[in-house]
Amino acid sequence: TISRLILAVVLFGLMSAGSYTAALVTFIVAASTDWVDGYWARKYGQVTQLGRILDPFADKMIICGTFIYLAAAPQLPDGTPASGVVAWMATVILARELAVTALRSFIEQHGGDFSAKWAGKWKMVFQCLAAGFSIGKLQWFDAATRSYGADLPTWVTSGLNVTLWAALALTIYSGLEYIWVSVKVLKQMDA
């Protein structure tokens with residue numbers, strides 16, 4: 001988890017510098033440490049209260065920070081970010097993450113269970129894939145001409161479109177799912 005926080009800072013520095021190949025590698029390593037961290041903690045029974053706090057924080061820092069950087073990427077002549085991620089998309093992702101964090105904190109403070117749902121896990125997978133494709137696409141962007149190189153593979157653009165829209169749909173769905181669970185828990189607490 002700590003390495004993921006450090007890698008997030010490195011990732012943001014690389015993206016700021018326009019070093020997108022190094023940023024992509026750093027993002028892949030950082031995202032992979034989330035899976036390794038969770039696997040290790042469950043396999044060896046090392047789930048701790050600190051880990052339950054820091055792990056989602058690290059996830060949110062990487063995902064929200066990356067999508068904010070992608071929305072602020074250099075622009076094409078039509079004014080859209082070369083990354084393919086526009087500001088409203090980053091806002092949807094950020095709003096969902098903040099809302100779920102607030103709900104989780106409130107419910108768990110009152111003794112409720114707010115464990116991760118499968119939709120939330122798939123949301124994270126597709127957010128990571130979309131971010132990876134987006135950072136990857138920026139490798140072909142030439143800021144001087146504000147265009148992509150002729151060798152930009154079509155599968156990169158197609159992969160970005162599919163994973164980004166799936167990530168947004170799952171982000172909204174999982175956010176609504178957590179709100180629904182919270183409403184049910186709050187009703188039980190009032191009864």
Side-chain angles (χ1 to χ4, degrees), residues 1 4-5 7-8 11-12 24 27-43 47-72 81 83-137 158-190:
T1 300
R4 204 156 61 253
L5 291 170
L7 287 169
L11 170 66
F12 303 149
L24 179 59
F27 180 81
I28 291 168
V29 171
S32 299
T33 63
D34 182 36
W35 180 83
V36 171
D37 183 31
Y39 172 79
W40 185 276
R42 284 185 297 277
K43 180 171 177 141
V47 177
T48 64
Q49 189 64 29
L50 181 61
R52 284 180 48 87
I53 294 167
L54 285 181
D55 183 63
F57 174 73
D59 293 346
K60 284 161 185 35
M61 185 170 164
I62 286 176
I63 289 300
C64 293
T66 298
F67 276 95
I68 289 167
Y69 269 88
L70 290 170
S83 65
V85 176
V86 293
W88 73 262
M89 296 172 173
T91 302
V92 165
I93 290 168
L94 182 62
R96 184 264 183 211
E97 299 304 332
L98 292 174
V100 168
T101 298
L103 290 170
R104 174 179 283 124
S105 175
F106 181 79
I107 298 297
E108 288 184 351
Q109 279 180 348
H110 291 85
D113 180 28
F114 208 78
S115 301
K117 307 287 180 226
W118 278 106
K121 292 178 186 287
W122 280 109
K123 174 237 11 143
M124 181 67 167
V125 168
F126 277 94
Q127 284 177 346
C128 287
L129 288 171
F133 274 113
S134 183
I135 297 168
K137 187 175 182 180
S158 298
L160 172 60
N161 289 334
V162 169
T163 58
L164 183 57
W165 286 105
L168 287 166
L170 285 165
T171 296
I172 293 165
Y173 175 80
S174 67
L176 293 173
E177 183 180 37
Y178 280 112
I179 291 169
W180 177 250
V181 167
S182 298
V183 168
K184 288 185 353 187
V185 169
L186 289 171
K187 284 182 179 180
Q188 290 172 354
M189 291 166 61
D190 286 341

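Bear in mind the structure is a predicted one, so any value in this text is a computation, not a measurement. Note that the numbering runs from 1 along the sequence shown for the chain.
- Scanning both residues, Ile62 and Thr66, for their nearest heavy atoms gives O-OG1, 2.6 Å.
- Residues Leu11 and Leu7 form no side-chain contact, since every pair of their non-hydrogen atoms from C-beta on lies 4.5 Å or further apart.
- When every heavy atom of Cys64 is checked against every heavy atom of Leu94, the shortest pair comes out as SG-CD1, 3.6 Å.
- Distance check, rounded to the nearest 0.5 Å: OG1 of Thr101 to OH of Tyr178 gives 10.0 Å.
- Applying the side chain to side chain donor-acceptor pair (under 3.5 Å) test to Thr1 and every residue at least two apart in sequence or in another chain returns Asp37.
- Of the possible donor and acceptor atoms, one in the side chain of Thr33 sits under 3.5 Å from a partner among the backbone N and O of Ala30.
- Residues satisfying the side-chain contact (heavy atoms from CB on, under 4.5 Å) test with Leu5, not counting sequence neighbours, are Ile2, Phe57, Ala58, Met61.
- Here the side chains of Val85 and Phe67 are in contact, with some heavy-atom distance below 4.5 Å.
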Checklist entry - side chain to side chain contact (heavy atoms under 4.5 Å, CB included) between Leu103 and Val181: does it pass, once the steps are laid out? => result CA-CA 10 Å; Leu103 290 170; Val181 167; over 6 Å; no
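- Every residue two or more places apart in sequence or in another chain that forms a ring-ring contact (aromatic ring centres under 6.0 Å, His included) with Trp88 is listed here: Trp165.
- Using a 4.5 Å heavy-atom threshold, the side chains of Lys60 and Leu98 count as separate.
- Taking the ring-ring contact (aromatic ring centres under 6.0 Å, His included) definition, one finds that Tyr69 meets it with Phe12, sequence neighbours left out.
- Residue pairs meeting the salt bridge (Lys or Arg N to Asp or Glu O under 4.0 Å) criterion with at least one partner in residues 172-182, sequence neighbours excluded, do not occur; the list is empty.
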Without placing hydrogens or testing angles, list every side-chain donor-acceptor pair under 3.5 Å for residues 123-130, not counting sequence neighbours.
unit_1	atom_1	unit_2	atom_2	d
Lys123	NZ	Glu97	OE2	2.8
Gln127	NE2	Thr171	OG1	2.9

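- For Phe106, the ring-ring contact (aromatic ring centres under 6.0 Å, His included) partners are His110, not counting sequence neighbours.
- The shortest heavy-atom contact between Phe27 and Gly132 is CE2-N, 4.0 Å.
- The heavy-atom pair separating Val86 from Pro81 by the smallest distance is CG1-CD, 3.8 Å.
- Closest non-hydrogen pair, Ser134 versus Leu70, comes out as OG-CD2, 3.3 Å.
- Under the salt bridge (Lys or Arg N to Asp or Glu O under 4.0 Å) criterion, Arg96 pairs with no residue at all, not counting sequence neighbours.
- Remark: Ser174 OG to Trp122 CH2 distance equals 13.5 Å, nearest 0.5 Å.
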